[in-house]
2 protein chains.
Amino acid sequence: MERYSKQRELILTALRNRKDHPTAEMLYNDISKIMPSIGIATVYRNLAALYESGQILKIETKQGESDRFDGNIKPHLHFQCLECNKIEDIFLNEEQNNQLNEQLKEFANIIDAEMATSKIVLKGRCKDCRDKKINL
Amino acid sequence: MERYSKQRELILTALRNRKDHPTAEMLYNDISKIMPSIGIATVYRNLAALYESGQILKIETKQGESDRFDGNIKPHLHFQCLECNKIEDIFLNEEQNNQLNEQLKEFANIIDAEMATSKIVLKGRCKDCRDKKINL
DNA sequence: GAAATAATGATAACGGTTATCATTTAAGGA
DNA sequence: TCCTTAAATGATAACCGTTATCATTATTTC
């Protein structure tokens, strides 16, 4: 059975305290300041467990790039800036969310499949990078 | 400058001859039958080059799972079955495609970002797996 | 407390991909 | 056609994020 551990609590708190989408290693660095003895494997293990139990989100990235984690489990889209690589949240209102899901389910119906979830990452240029370009 | 190579031609042809979404290794296996001397690194190198020049698509998968490649560059969505892991294409008509893109661009506007591309993977149960379940 | 057994920490192993480097080969003249 | 040059190749080592292993520690239950 699942058993309480100080480490898991620290990991969940550390993730919720961040407003970005940290990697396992970033969280490990944060937590090391409080509990220097923690091992990186424990961070990975607990993030996996928290993800499987639905307490956090995981943004799977491509090979060789670390996965990102998200303490905010309200459904939302992600936007990744192609210039600075930052990942931002896009929260939709319920109406927008339902409408999008309905449309995607229809698309799945085209091939007679049942959609359960979708993974959407928008890519382009974030506000900061756009503003930076203008100032050059 | 870019220079012709028999290997690159074989790789592109091998990919186009498949209707699924093979991994680099699957293509390597196919091509080895014709050119046994080819090296796996050459396959990876050329797939990367073909992707960068827009001649093929790449479906980036999660860590520890091989990337998939697609010789069909007409814009389309992907559906991955959570049971059998197969990836299928979903082709939208132009109207559906434009409508979806417009909607996604609006979502990016919420955070003042400019969307260039989107990566959408629908997940759920494919037709085959659904039919299989019914027959049990 | 004591026993049972999850969870941990250190580190080796893993898997897909990329880098390295000597060798081969295509391209463009002489 | 031969020569030069530099891109492409093939073999393999290295890389990097992640997972497995295993002895040790710590939480739960009695």
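Proteins get letters first, then strands, A, B, ... in listed order; numbering begins at 1 in each.
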Quiz prompt | Stretch residues 37-56 of chain A: residues that reach within less than 4.0 Å of DNA chain C through a heavy atom | solution =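 Those residues whose heavy atoms fall under 4.0 Å from DNA chain C, taken from residues 37-56 of chain A in numerical order, are A:S37, A:I38, A:G39, A:A41, A:T42, A:R45, A:N46.
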Quiz item: What string of B, S and - do you get for nucleotides 23-30 of chain D, 5' to 3', if B is base contact, S is sugar-phosphate-only contact and - is no contact with any protein heavy atom under 4.0 Å?
Solution: ---BBS--
Quiz item: What is the distance from atom CD of A:Q7 to atom CG of A:L10, rounded to the nearest 0.5 Å?
Solution: 7.0 Å
Practice problem: Report the distance from atom CD of A:E65 to atom CD of A:Q80, rounding to the nearest 0.5 Å. | Solution: 5.5 Å
With a cutoff of under 4.5 Å between side-chain heavy atoms, which Ile, Leu, Val, Met, Phe, Trp and Tyr residues group with [X]?
{"X": "B:L57", "result": "B:I73"}
{"X": "A:L92", "result": "A:L77, A:F79, A:I90, A:L100, A:L104, A:F107, A:I110, A:I111, A:M115, A:I120, A:L122, B:L77, B:F79, B:I90, B:L92, B:L100, B:L104, B:F107, B:I110, B:I111, B:M115, B:I120, B:L122"}
{"X": "A:I87", "result": "A:I59"}

Exercise. Could you name each residue pair satisfying side chain to side chain donor-acceptor pair (under 3.5 Å) that touches residues 38-51 of chain A, not counting sequence neighbours?
Key: A:R8-A:N46, A:T42-A:R45
Exercise. Hey, could you give me each pair passing side chain to side chain donor-acceptor pair (under 3.5 Å) that has a residue in residues 101-120 of chain B? Not counting sequence neighbours.
Key: A:R125-B:E114
Quiz item: Are any of A:Q7's side-chain N or O atoms less than 4.0 Å away from OP1 or OP2 of C:dG9?
Solution: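 Answer yes for this pair, as a side-chain N or O of A:Q7 is under 4.0 Å from OP1 or OP2.
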Practice problem: Output all residues satisfying side chain to side chain donor-acceptor pair (under 3.5 Å) with B:S53, sequence neighbours left out; order by chain, then residue number. | Solution: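 Residues passing side chain to side chain donor-acceptor pair (under 3.5 Å) with B:S53: B:Q55.
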Quiz item: For atom NZ of A:K86, is the number of surrounding heavy atoms from other residues, nucleotides or ligands below 6.0 Å larger than 12?
Solution: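 Enclosed: over 12 neighbouring heavy atoms sit under 6.0 Å from NZ of A:K86.
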Self-check item: A:F91: partners by ring-ring contact (aromatic ring centres under 6.0 Å, His included), with sequence neighbours left out
Solution: A:H76
Give the rounded distance in Å between these two atoms: [atom1] of [X] and [atom2] of [N].
{"X": "B:E65", "N": "D:dC16", "atom1": "CD", "atom2": "C1'", "answer": "18 Å"}
{"X": "A:E60", "N": "C:dG16", "atom1": "CD", "atom2": "C1'", "answer": "15 Å"}
{"X": "B:K58", "N": "C:dG16", "atom1": "NZ", "atom2": "P", "answer": "15 Å"}
{"X": "A:D67", "N": "C:dG15", "atom1": "CG", "atom2": "P", "answer": "18 Å"}
{"X": "B:M35", "N": "C:dT25", "atom1": "CE", "atom2": "C1'", "answer": "11 Å"}

Exercise. Taking the side chain as every heavy atom from C-beta outward, state whether B:N72 and B:K19 have any pair of such atoms under 4.5 Å apart.
Key: no
Practice problem: Would you mind reading off the bend of the helix from C:dG1-D:dC30 to C:dA30-D:dT1 from its two end axes, five pairs each, to 10 degrees? | Solution: 30°
Quiz item: In residues 8-26 of chain A, which ones come under 4.0 Å of DNA chain D, going by heavy atoms?
Solution: none
Enumerate donor-acceptor pairs with a distance under 3.5 Å from any side-chain N or O in residues 24-32 of chain B to protein atoms, sequence neighbours excluded.
unit_1 : atom_1 : unit_2 : atom_2 : d
B:N29  : ND2    : B:E25  : O      : 3.3
B:D30  : OD2    : B:R18  : NH1    : 3.0
B:S32  : OG     : B:Y28  : O      : 2.7

Quiz prompt | N/O donor-acceptor pair under 3.5 Å between A:Q96 side chain and A:N93 backbone | solution =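 Yes, the answer is positive, given that a donor and an acceptor are paired below the 3.5 Å cut-off.
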